[in-house]
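What follows is a set of notes on a single structure, which appears directly below.
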Amino acid sequence: MRDERILILDFGGQYDQLIARRVREQHVYCELRPCTVSMEEIKAFGPAGIIFTGGPHSVYEEGAPTVDPKVFQLGVPILGICYGCQLLARLLGGEVVPAQSDGAREYGKTETEFQVGSPLFRGLPTRSVVWMSHGDYISRLPGGFRALARSEACPCAAMGDEERRFYGVQFHPEVRHTEEGTAVLRNFLFEVCALRGDWRMESFRASAVSALRKQIGEGRVLLALSGGVDSSVCAALLDEAVGEKLTCVFVDHGLLRKNEGDEVEAAFAGRKLDFIRVDAGERFLRRLKGVRQPEEKRKRIGEEFIRVFEEESRKLGTIEFLAQGTIYPDVIESGAGSAAVIKSHHNVGGLPAEVGFKGILEPLRSLFKDEVRLLGRELGLPESLVSRQPFPGPGLAIRILGAVTAEKLTILREADAVFREEMAAAGLTGAAGQYFAALTNLRSVGVKGDGRSYERAVALRAVSTEDFMTADWARLPWELLDRVSSRIVNEVPGVNRVFYDVTSKPPATVEYE
Ligand code: XMP
């Protein structure tokens, strides 16, 4: 039985990724494609339903994005959201006009009345709050449609042609501010498209494994393992597919957290793949000697990584495929659905595609981060690795302000380990999206025992964030900070002061450099 798939046509809206997330949350596989995609591609995709996203344009604007009207002849249910709804109205013969006065514009939370007899609103309360964000409105419905929802300013907040199974909502069901948003999307998927909702990680795993086997054939595969979640899950998946043909090169740049290198190695120890750990710590330290500028550090680490990786791959002889742990947000950022874009693994500083491989494998290309974690669990990777918080490719080097030395790395590793241990002991690992220690370049006077000390200061950073684009400092309990601080000054030689960072992003960033 073929997977049920929803095609999301992208008209440039700001919540497009969110629509895809919400559909996947309902165990329905979906992909986001640009609205300019050809009919052949749409047919090849074989959608069981199509969603038109919102977008910043007006449908009557010259050059406004549109879609091939043959899409209406596919016999497939369609849901238009915001701009998508207006486009549906216009292309099917209705009328969309700009709101003449601010009164007809709607922005923000809006109380709306639903026709609960319609499959799209079945089981919902008759009134509820939705998130609106539109200047234009539908002044005349296309033939065959009726209005299915209304708000004070908008007589057509939703419309539907039940026979053809075409629906449009003026509001955004994908954002959390729309109280019944998930229910509306569920109704589209299960009542209108009559889907089963049986897309699970097991089925992804099975189909990914068989696709990889077919693609790789008798070839050999090389994977650069950074120790991050994406490349580790990618390695485990490839191991299951073509274990004996896989070589993983784990470049340990010596800038990882305490025990991290060993944990990565242990996770792959019992498998049938070739695992090469390159302990390149000294080499990286030499390259970083005396370098104080953040950008210069990043550049040198990225370059050195590539150099080490190239040296190792040359030793291995001809290898046909290079595998990378690219995930869906990376793909979307670099142009949705565009197969030609091959993004180098962001964690490892960009591997050179010209190393001479016949092909690039990116088996996680269609997954979101939390789906990658689910797959990792499914494949038996340890929780410590799967639920690892984001860790920057340049590692501790950008958490040590100023020049990196072996001594500073030891101090930071120990301080960071104390912080992580205490967060775990307090059951607070979920209280911050990311938390870590950084080593400032400050020395200050203190008193330890009976004597004067003149030692370093550690900064603790914990942030809560949805997407890492903005972040707020996490309100950790004083008692926890107190415990972490006293343990660090007592247990980590060379530190006599601990700060807690109470800056948000912006204006600060999550990392220090
Ligand atoms: P900033 O410091 O920009 O960090 O607020 C946002 C998120 O990105 C991570 N980060 C990186 N990840 N390579 C990475 O793979 C990098 O060079 C890098 N720099 C920052 C950071 O840990 C946070 O999660």
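The residues of the chain are indexed from 1 along the displayed sequence. Whatever order the structure lists ligands and atoms in, that order sets their numbers, starting from 1.
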Distance under 6.0 Å and angle within 45° of ring axis: Arg24 vs Phe368: no
Those residues that, when tested against Glu244, pass salt bridge (charged side-chain N to carboxylate O under 4.0 Å, His left out) (two or more places apart): none
N/O separation below 3.5 Å, Pro394 to ligand 1: no
Contact atoms of ligand 1, heavy-atom distance to Arg298 under 4.0 Å: 16 (C), 17 (O), 18 (C), 19 (N)
Nearest heavy-atom neighbours spanning Gln434 and Val510: OE1-CG1, 3.4 Å
Ligand 1 to Lys505 polar contact by distance, N or O atoms, under 3.5 Å: yes
Where ligand 1 meets Thr509 - atom numbers and elements under 4.0 angstrom, heavy-atom basis: 1 (P), 2 (O), 5 (O)
Plane angle bin for Trp473 and Tyr500 - parallel if under 30°, tilted between 30 and 60°, otherwise perpendicular: perpendicular
Parallel, tilted or perpendicular: rings of Trp199 and Tyr29 (30°, 60°): tilted
Min N/O separation Val510 to ligand 1 under 3.5 Å: yes
Atom indices of ligand 1, in the order listed, that fall short of 4.0 Å to a heavy atom of Gly393: 13 (N), 14 (C), 15 (O), 16 (C)
